[in-house]
Protein chains: 4
Amino acid sequence: MVSRVERKRGQRIEQILTVAAEMFGERGFDAVSLEDVAERLDVSKGSLYYYFASKDELGTAAIETLGDDWTARLEQLPAAHEGTPAQRLRALLREHIRIAVREYPAALRLFLVPRDWPDAQQARIKALRRRHDQLFRTVVDEGVATGEFTVTGVDTVLQCMHAAMSQAPVWCAGKRGAALDSAIAELADTLMMLVGELPPHRAPR
Amino acid sequence: MVSRVERKRGQRIEQILTVAAEMFGERGFDAVSLEDVAERLDVSKGSLYYYFASKDELGTAAIETLGDDWTARLEQLPAAHEGTPAQRLRALLREHIRIAVREYPAALRLFLVPRDWPDAQQARIKALRRRHDQLFRTVVDEGVATGEFTVTGVDTVLQCMHAAMSQAPVWCAGKRGAALDSAIAELADTLMMLVGELPPHRAPR
Amino acid sequence: MVSRVERKRGQRIEQILTVAAEMFGERGFDAVSLEDVAERLDVSKGSLYYYFASKDELGTAAIETLGDDWTARLEQLPAAHEGTPAQRLRALLREHIRIAVREYPAALRLFLVPRDWPDAQQARIKALRRRHDQLFRTVVDEGVATGEFTVTGVDTVLQCMHAAMSQAPVWCAGKRGAALDSAIAELADTLMMLVGELPPHRAPR
Amino acid sequence: MVSRVERKRGQRIEQILTVAAEMFGERGFDAVSLEDVAERLDVSKGSLYYYFASKDELGTAAIETLGDDWTARLEQLPAAHEGTPAQRLRALLREHIRIAVREYPAALRLFLVPRDWPDAQQARIKALRRRHDQLFRTVVDEGVATGEFTVTGVDTVLQCMHAAMSQAPVWCAGKRGAALDSAIAELADTLMMLVGELPPHRAPR
DNA sequence: TATGAATGAGGCTTCATTCAT
DNA sequence: CATGAATGAAGCCTCATTCAT
């Protein structure tokens with residue numbers, strides 16, 4: 001059982017992490033100063049050091065939190081567990097893009113742009129990526145096993161999917177409402193083609 | 001008619017741009033200081049300001065040079081003008097990836113990571129992207145027109161291609177020789193699927 | 001009569017002072033943060049402020065404690081009260097060096113490096129030095145009075161002795177066991193020469 | 001042949017070094033900020049980094065300059081090369097103390113207080129000390145060889161001499177004119193006793 | 001043209017100190 | 001009594017930019 005004090009500390013950290021992840025994601029790790037983060041939190045710069053030993057550590061923790069949340073939401077998506085591999089993969093793709101576009105405007109950059117993190121943090125980030133990747137890999141593997149999917153190579157396909165999804169927020173930057181939904185759907189459909197699934201709304205040849 | 005002096009100036013600028021593009025590409029715009037660039041050129045930092053008004057301007061110009069070279073090489077690729085749209089597209093993809101991986105290890109970061117360039121530079125970069133994009137778009141459009149390609153939407157497909165190709169240097173970071181060639185080929189094949197082309201080395205079902 | 005509470009407070013203070021003196025002595029006043037001290041005491045940083053008004057005050061008190069202990073040990077040394085002035089002085093020197101080298105590795109730095117303490121603390125430290133100095137002065141004075149010692153000037157001789165002894169921990173940094181004992185003895189013998197006592201193990205000319 | 005530009009640069013460096021050595025010596029390396037040094041030089045903090053890569057490097061260079069000057073002056077002292085070992089040693093001691101007291105008020109602290117310099121600088125400082133030490137060692141060795149000096153051990157004697165001389169500026173802090181000269185002479189005489197030389201102004205027993 | 005020198009703003013980090021609980 | 005939290009000043013360092021020569 002956690003004491004009230006510990007709970008409060010946890011909340012504070014979470015709050016910092018949320019804001020930091022958002023800012024790092026939007027403007028890039030290097031472009032965001034701790035002063036910026038502190039100001040947005042309405043806190044002194046020094047206070048951040050009470051919770052995090054360095055900017056690097058804050059950055060890693062932010063990525064980790066963001067990645068954990070993200071992965072958890074995908075894992076808990078009901079549609080990811082029902083139906084054919086194609087249906088499940090499409091559901092995962094859509095949800096992933098939706099989260100990227102709607103909640104973490106440009107946060108995926110944190111995963112894609114390789115920064116020379118200190119070793120300690122390198123490992124944590126890798127573990128995170130692996131877990132996240134596994135979600136998609138499982139479904140693709142299954143589709144390949146059943147013969148439903150045709151792929152060049154699972155690794156390559158997954159990489160392409162993630163690379164494309166990471167850019168989604170940039171592409172969708174201006175879109176709202178139905179246009180946004182439609183863009184998301186189209187992107188998911190496009191990526192389904194990487195496993196050999198032709199777009200559903202077009203008649204097969 | 002250009003004087004000898006102007007010609008020399010042009011050469012100097014070109015030399016600076018080449019080095020700068022390389023360095024920005026490798027380590028990222030922010031991580032490279034003008035001191036670094038000057039040192040590699042064996043020139044004083046102040047001299048750079050004689051040719052470029054600011055670091056931003058040098059950055060934009062470098063990107064432009066790099067992008068121009070890149071696009072020119074793709075445009076001049078013989079295979080890009082012969083054969084079916086599929087053959088031409090595959091040739092373009094392979095060459096593009098090859099350049100990215102072999103010559104500009106991380107240069108694409110410059111295009112993908114949106115930096116808040118001043119407006120003046122923003123425009124130049126956009127124009128560059130458009131010209132580069134047009135190369136691929138033409139081929140895809142043609143394939144769609146002939147019915148050879150099946151796509152969800154040309155824009156989306158092109159975006160996915162570029163996003164994936166931009167990450168290629170990261171994925172191929174450790175590979176050498178045959179393994180590298182094979183990885184490049186597989187990536188190109190994978191991206192061909194985005195236009196409905198199944199991998200060539202697999203028998204269609 | 002002191003209450004149980006006051007006694008406990010006294011013990012707490014003594015404990016803090018012991019640890020602080022040790023740490024300041026080893027690494028220097030400036031290099032030790034209150035965080036460091038608190039951590040070693042397994043206490044919160046804020047708690048230290050309950051006992052000491054400032055770091056300076058803690059520093060002075062620590063020096064005082066250390067100095068008091070040191071002086072007390074020299075005062076209680078039996079050999080310091082028996083035999084000829086030469087025997088007593090040599091005993092004092094040896095014990096002083098032994099304490100410096102063995103127990104307060106770099107503590108003398110606290111006395112030698114003049115820090116700009118606030119006036120209040122300046123006085124306390126001066127008083128401490130005087131009491132400590134008096135021990136040696138008494139013996140030297142007596143030796144001079146009996147004609148046993150030949151000195152240029154008592155003040156100067158004492159200063160030289162203390163300066164040399166303060167550096168002893170540095171010189172003996174690597175030595176252990178017999179080598180250490182021998183170094184200590186030689187240093188004491190050397191300093192005895194400042195009062196005209198030739199080394200005992202050499203035959204007088 | 002050095003160009004005018006190089007000469008100017010050298011002068012600037014020397015000027016910085018002189019001021020820095022003085023300040024570090026007076027108040028201690030840690031207690032002096034680069035801001036302090038810059039201000040005294042009427043220069044911006046950043047400028048110091050144009051000449052020295054870090055505060056540590058500035059510190060080492062300052063020590064080195066100071067030590068070089070000091071040693072050179074002792075080496076060139078005519079009295080250090082004439083007469084008996086006793087006369088030469090006394091001349092060295094007096095000049096050394098004179099320099100310490102008059103020109104580098106508390107600079108010797110830089111040599112005595114062991115700071116954890118980076119390895120690169122550690123070596124340079126050691127070399128400096130050795131050269132400086134050699135001056136005194138030569139004379140003492142010679143006096144011992146001729147039987148003129150009686151010592152416990154040359155190393156120990158030299159260490160005591162230097163330790164004592166380093167504190168001299170502190171002891172002489174308030175003295176001026178004749179009182180200062182007399183104090184210096186007495187200190188030198190006192191240290192001569194470490195090699196068995198009784199004070200000259202006292203009748204031998 | 002070219003450069004050595006200088007600068008100032010801004011970034012990361014440490015730490016003594018304060019305070020509400 | 002004790003502490004967790006917060007703060008702000010100060011320190012070191014980097015770097016784009018300017019300028020006299």
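The model shown is predicted, which means the values in this text are computed figures rather than measured ones. Order of the sequence lines sets the chain letters (A, B, ...), proteins ahead of strands, with each chain counted from 1.
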Find every protein N or O atom lying less than 3.5 Å from an N or O atom of nucleotides 4-6 of chain F, and list the pairs.
from	atom 1	to	atom 2	distance (Å)
F:dA5	OP2	A:Arg9	NH1	2.6
F:dA5	OP2	A:Tyr50	OH	2.8
F:dA6	OP1	A:Arg12	NE	2.8
F:dA6	OP2	A:Tyr51	OH	2.4

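The side chain to side chain contact (heavy atoms under 4.5 Å, CB included) search around B:Glu35 returns B:Ser33, B:Lys45, not counting sequence neighbours. Residues passing the side chain to side chain contact (heavy atoms under 4.5 Å, CB included) test with D:Glu39: none are found, sequence neighbours excluded. Taking the side chain to side chain contact (heavy atoms under 4.5 Å, CB included) definition, one finds that B:Arg40 meets it with B:Val19, B:Glu22, B:Met23, B:Glu26, sequence neighbours left out. Taking the side chain to side chain contact (heavy atoms under 4.5 Å, CB included) definition, one finds that B:Val43 meets it with B:Arg12, B:Leu41, B:Ser47, sequence neighbours left out.
Across the protein-nucleic acid pair, D:Gln11 atom CD and E:dG4 atom P stand 18 Å apart, rounded to whole Å. For B:Asp30 and E:dG11, the CG to P distance is 12 Å, given to the nearest whole Å. The nearest whole Å value for the distance from the CD atom in C:Glu35 to the C1' atom in E:dT13 is 14 Å. The interatomic distance linking B:Phe52 (CZ) with F:dT17 (P) rounds to 13 Å, in whole Å. Rounded to a whole Å, the CD atom of D:Glu57 is 10 Å from the P atom of F:dC13. Per the geometry, CG belonging to A:Leu58 stands 12 Å off C1' belonging to E:dC12, to the nearest Å. Atoms CD (A:Glu39) and C1' (F:dT7) sit 16 Å apart, rounded to a whole Å.
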*Under the side-chain contact (heavy atoms from CB on, under 4.5 Å) criterion, do B:Asp30 and A:Phe29 qualify, and how do the steps go?*
CA-CA 11 Å; B:Asp30 288 329; A:Phe29 183 80; over 6 Å; no
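More than 12 heavy-atom neighbours from other residues, nucleotides or ligands sit within 6.0 angstrom of CD on A:Gln15. Annotation for B:Glu14: atom CD does not count as buried by contact number, only 12 or fewer foreign heavy atoms lying within 6.0 Å.
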Hey, can you pull the donor-acceptor pairs under 3.5 Å for the side chains in residues 57-69 of chain A, sequence neighbours left out?
from	atom 1	to	atom 2	distance (Å)
A:Thr60	OG1	A:Asp56	O	2.8
A:Glu64	OE1	A:Arg124	NE	3.1
A:Glu64	OE1	A:Arg124	NH2	2.6
A:Glu64	OE2	A:Arg124	NE	3.4
A:Thr65	OG1	A:Ala61	O	3.0
A:Asp68	OD1	A:Arg131	NH1	3.1

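In this structure the side chain of D:Phe24 reaches within 4.5 angstrom of the side chain of D:Lys55, judged on heavy atoms.
Mapping B:Leu34 and D:Tyr49 onto DNA chain F by nearest heavy atom places D:Tyr49 at the nucleotide closer to the 5' end. Summary of the strand contacts: B:Ala53 and C:Asp42 both lie near DNA chain F, and taking for each the nucleotide with the nearest heavy atom, the more 5' one is attributed to C:Asp42. Nearest-nucleotide mapping onto DNA chain E: of A:Lys55 and B:Leu48, the residue sitting toward the 5' end is B:Leu48.
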*Give DNA chain E the dot-bracket treatment, 5' to 3': Watson-Crick (N1-N3 with N6-O4 or O6-N4) or G-U (N1-O2, O6-N3) under 3.5 Å, [ ] crossing, | other strand.*
.||||||||||||||||||||
